Amino acid sequence: QVQLVESGGGLVQAGGSLRLSCVASGATFRNYGVGWFRQAPGKEREFVAYSHRSGGAPAYSDSVKGRFTISRDNAKSTLYLQMDNLEPEDTAVYYCGASDRIIWSSMANAGQYLYWGQGTRVTVSS
């Protein structure tokens, strides 16, 4: 059983930056594919970024590519999301998800993740 705890959300003006963290416990973090998703009010959970368990280049949604950076520190069992040049459209609750069964082609499918954190809220004002 994997426990995930997100932090780092808050209120920021458009053009600003935030860094989200997701600390994992209960399993060997490096064995898990981990991703960031977000959910705005009235909308479905949306893929943001992914880091595969075997390393390699990360993946991003088109809406955040070039502005957000996902990284992981396996020694600290922590996943990060550096968010720069934030836009009001980035306002959402951000969740990290993990699974040891993710394959590359399914990374954007929230249903493939076995474990989720409670989320951290990001609000971007215009």
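Every value quoted in this text rests on a predicted model; they were computed, and no experiment measured them. The figures here come from the full heavy-atom set of this structure, side chains too, leaving out hydrogens, waters and symmetry mates.
- Applying the 4.5 Å side-chain rule to ILVMFWY residues, one finds that V5 remains a lone member of its cluster.
- Annotation: side-chain hydrogen bond (donor to acceptor under 3.5 Å, both in side chains) contacts involving residues 93-104, sequence neighbours excluded, comprise R38-Y94.
- Atom CE of residue M83 and atom CG of residue L18 lie 4.5 Å apart, to the nearest 0.5 angstrom.
- Expressed to the nearest 0.5 Å, how far OH of Y60 lies from CG of L81 amounts to 7.5 Å.
- Within the structure, disulfide (SG to SG under 2.5 Å) contacts touching residues 49-83 (residues at least two apart or in different chains) do not occur.
- For S25, the side chain to side chain contact (heavy atoms under 4.5 Å, CB included) partners are Q3, not counting sequence neighbours.
- Y80 is linked by a side chain to side chain donor-acceptor pair (under 3.5 Å) to nothing, counting only residues two or more places apart in sequence or in another chain.
- Residues passing the side chain to side chain contact (heavy atoms under 4.5 Å, CB included) test with A108, sequence neighbours excluded: F47.
- Not a single donor-acceptor pair under 3.5 Å links the side chain of Q82 to the backbone N or O of I70.
- Remark: the backbone N or O of G33 is not paired with any side-chain donor or acceptor of Y113 at under 3.5 angstrom.
- For S106, there are no side chain to side chain donor-acceptor pair (under 3.5 Å) partners two or more places apart in sequence or in a different chain.
- Between the R72 side chain and the H52 main chain, a donor and an acceptor come within less than 3.5 Å of each other.
- In this structure, the side chain to side chain contact (heavy atoms under 4.5 Å, CB included) partners of T123, at least two apart in sequence or on a different chain, are L11, T91, R121.
- Applying the disulfide (SG to SG under 2.5 Å) test to residues at least two apart or on different chains, none of the pairs has a partner in residues 40-92.
- A donor-acceptor pair under 3.5 Å is absent between the side-chain atoms of S63 and the main chain of S61, judged by distance alone.
- Considering all non-hydrogen atoms of both residues, A14 and P88 come closest at CB-CD, 4.1 Å.
- With hydrogens and angles disregarded, a donor-acceptor distance shorter than 3.5 Å links the side chain of D73 to the backbone of K76.
- Note that CZ of F37 and CG of N109 are 7.0 Å apart. Values are rounded to the nearest 0.5 Å.
- For the pair Q118 (side chain) and E6 (backbone), a donor-acceptor distance under 3.5 Å is present.
- The list of disulfide (SG to SG under 2.5 Å) pairs with a residue in residues 21-109, not counting sequence neighbours, reads C22-C96.
- For the side-chain hydrogen bond (donor to acceptor under 3.5 Å, both in side chains) condition, the pairs that include at least one residue of residues 7-24, sequence neighbours left out, are S17-D84.
- Residue pairs meeting the salt bridge (charged side-chain N to carboxylate O under 4.0 Å, His left out) criterion with at least one partner in residues 47-67, sequence neighbours excluded, are D62-K65, R67-E87, R67-D90.
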